[in-house]
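Structure first, then comments.
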Amino acid sequence: MKVRVRIEDRTYVVDIEDPQAEPVIAIVDGHRYELWPEEATRLPEPGTTSDAAQPLTTEREVRAPIPGVIVSVSVQPGASVSLGQELCVLEAMKMRNPICAGRTGVIETVHVVPGKHVQHREVMMEFAA
Amino acid sequence: MSEDPRILHLRSLRQEARLGGGAERIAKQHAKGKMTPYERLDLLLDPGTFHELEPFITGQGDELGLSTQKFLGDGVVTGYGQIDGRTVYVYAQDFTVYGGTLSETQSHRICHVMDLALRNGVPVIGLLDSGGARIQDGVRSLGGYAEIFRRNAQYSGVIPQISLMLGPCAGGAAYSPALTDLIVMVNKHSYMFLTGPEVIKAVTGEIVDPESLGGTTVHASVSGIAHLAVASEVEALALCRRVLGYLPSNNVENPPFRPTDDDPLRMDPELNSIVPLDAATPYSMHAVIGHIVDRGTFLEIQAAWARNVIVGLARLGGHAVGIVAQEPSVMAGVLDIDSSDKITRFVRMCDCFNIPLVTFVDSPGFLPGVDQEHGGIIRHGAKVLYAYSEATVPKISVITRKAYGGAYIVMGSKYLGTDVNYAWPSAEIAVLGAEGAANILFRRQIESAPDPSAERIRLAEEYRRKFNNPYHAAAAGFVDDIIEPRETRPKVIATLAALRDKYSPAPPRKHGNIPV
């Protein structure tokens with residue numbers, strides 16, 4: 001897709017291959033740029049106990065932090081979720097691990113169902129951009 | 001009568017030295033929300049305690065004559081002062097002079113305070129804000145870095161060394177902090193990388209901005225290089241003062257005692273209901289720690305990295321302790337490569353500086369997986385064994401729930417040298433989980449049963465009843481006592497007191513060969 005970006009007086013045509021890709025590949029005047037979306041990671045306050053149930057990276061994809069089996073899925077595509085809300089429960093290493101939203105947003109796709117085995121870092125859900 | 005012109009000259013030189021790269025560059029630094037070295041030292045040290053050394057030194061290393069100007073102090077401010085009445089040596093790089101780059105002279109100045117810190121057995125604190133080696137000084141600046149690195153390594157474990165990253169720190173400027181005990185980074189102000197975005201672009205073609213290459217967020221949550229991350233310079237300086245309160249001035253002193261109004265005999269009834277009856281339901285180990293240590297004293301280190309384990313400094317009955325624990329609500333509290341590295345580094349720091357270790361164990365074991373095995377989990381996990389075995393400080397462990405297999409052994413088990421082992425009634429100490437154990441031990445019996453799955457469940461339940469409690473381990477002498485969770489604080493404080501004069505000399509050797 002092509003976007004026009006105006007910076008001060010100049011207009012640039014930016015050709016973006018896939019805005020969801022990581023990195024995003026953007027072509028401007030024949031030059032190819034790789035862009036990594038900025039991660040809005042929250043830093044825990046030093047000296048206070050951080051809220052352990054909160055994941056810290058807030059990328060678009062919700063990835064399995066550990067290999068295991070999905071026990072339950074709490075949201076459906078299109079659901080608006082807020083920071084810290086439970087998205088699904090992943091049973092791994094003798095524990096039902098709640099997977100919580102690391103950001104506020106709308107869930108676009110859900111790739112898991114109860115009983116599904118997921119690998120380490122496998123994408124379980126995706127937020128709308 | 002007019003003043004002696006020689007004294008007037010001294011005064012004007014002193015004033016010039018304080019201005020570093022000049023008023024204009026100072027204004028630029030301020031515009032970026034950054035402070036000058038003197039302003040930073042004023043906030044770091046007790047008021048009026050800073051004394052500068054070698055303020056009149058100027059750059060000597062530029063043989064090519066490329067430097068356009070000489071500046072008094074050559075881009076760094078060094079000296080000594082006090083933090084809470086205790087002496088520290090400091091150096092603070094000045095970004096307004098050649099971008100804080102390291103010259104040969106600057107290195108000499110830094111090494112001078114490092115040497116004085118060592119001879120006097122007091123901490124050295126570096127405030128870094130530097131573009132790396134000063135190109136005009138050529139190989140002399142590289143030699144200067146080597147002089148600093150060698151001291152960082154040789155003084156490691158003798159005096160605390162703390163690095164505050166207060167600006168871009170590229171190349172050599174990133175290596176010295178990596179050799180020190182603790183690195184504090186400031187969000188959106190500090191950057192650390194060996195090769196910056198420009199070099200990466202030229203060599204690999206990757207385009208990356210400094211923040212996503214080596215910003216505070218990256219080093220606090222992805223690489224684990226930043227031990228502490230804060231939002232502003234002022235907080236970084238205040239945090240450095242706080243951290244020093246947990247550390248002794250050198251390796252033969254004990255950490256300072258700070259009286260507490262939190263009763264050492266305080267029982268915490270809430271702890272008795274913190275571990276869910278269902279072993280597969282997580283709970284917060286952070287909350288457990290919060291209930292046990294002196295109120296408000298827990299200072300978590302590397303809080304956003306390898307969050308399946310927790311390490312941090314705290315106080316119990318006013319005495320500094322190092323806390324190591326697993327967090328069952330993050331990845332079930334498994335041990336993996338990063339968490340092993342996190343524990344090892346922390347345990348060794350505590351051992352260097354006579355800080356007793358209190359370990360809370362709740363781990364299902366090591367993370368299975370090809371990427372972990374191929375990433376060398378064996379040698380990383382071995383570091384934890386090495387560090388705990390080597391540590392001679394008082395060591396106490398409390399098993400709160402799961403202590404399975406390798407995770408039980410490495411997390412300060414009795415025969416690894418832990419002095420006193422406690423377990424809560426919720427503790428499960430076994431080689432592996434009940435289902436897995438039943439499958440292996442009773443495979444034939446299960447297979448030949450009329451209803452194999454019912455038999456498997458029955459046998460797993462039997463195994464669970466037999467082994468998933470602390471009594472079996474206690475009967476075998478692996479646990480010193482089984483305690484109610486609410487008793488943990490008074491118990492651990494009493495145990496620390498009983499271990500205070502522990503003497504456990506290591507056999508003489510040059511040094512061990514820790515797997516890395």
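Most heavy-atom pairs under 4.5 Å with chain B: of the set A:P67, A:A92, A:P65, this distinction falls to A:P65. For the set B:D371, B:N308, B:L313, the count of heavy-atom pairs under 4.5 angstrom toward chain A peaks at B:D371. The candidate with the highest count of non-hydrogen atom pairs below 4.5 Å against chain A, out of B:P328, B:G312, B:G369, B:S363, is B:P328. Here A:R96 is the residue among A:R96, A:H120, A:Q119 with the most heavy-atom pairs under 4.5 Å with chain B.
Neither the backbone nor the side chain of B:K201 comes within contact range of chain A; no heavy atom of the residue lies under 4.5 Å from a heavy atom of that chain. No part of B:D336 comes within reach of chain A, as not one of its non-hydrogen atoms sits under 4.5 angstrom from that chain.
Taken from CZ in B:R401 to NZ in A:K94, the straight-line distance is 11.5 Å, to the nearest 0.5 Å. Considering NZ of B:K402 and CE of A:M93, their distance stands at 9.5 Å, rounded to 0.5 Å.
A salt bridge (Lys or Arg N to Asp or Glu O under 4.0 Å) check over residues 69-87 of chain A, counting only residues at least two apart or in different chains, returns nothing.
Contacts from residues 276-283 of chain B to chain A, taken as heavy-atom pairs separated by less than 4.5 Å, involve B:D278, B:A279, B:A280, B:T281, B:P282 in sequence order.
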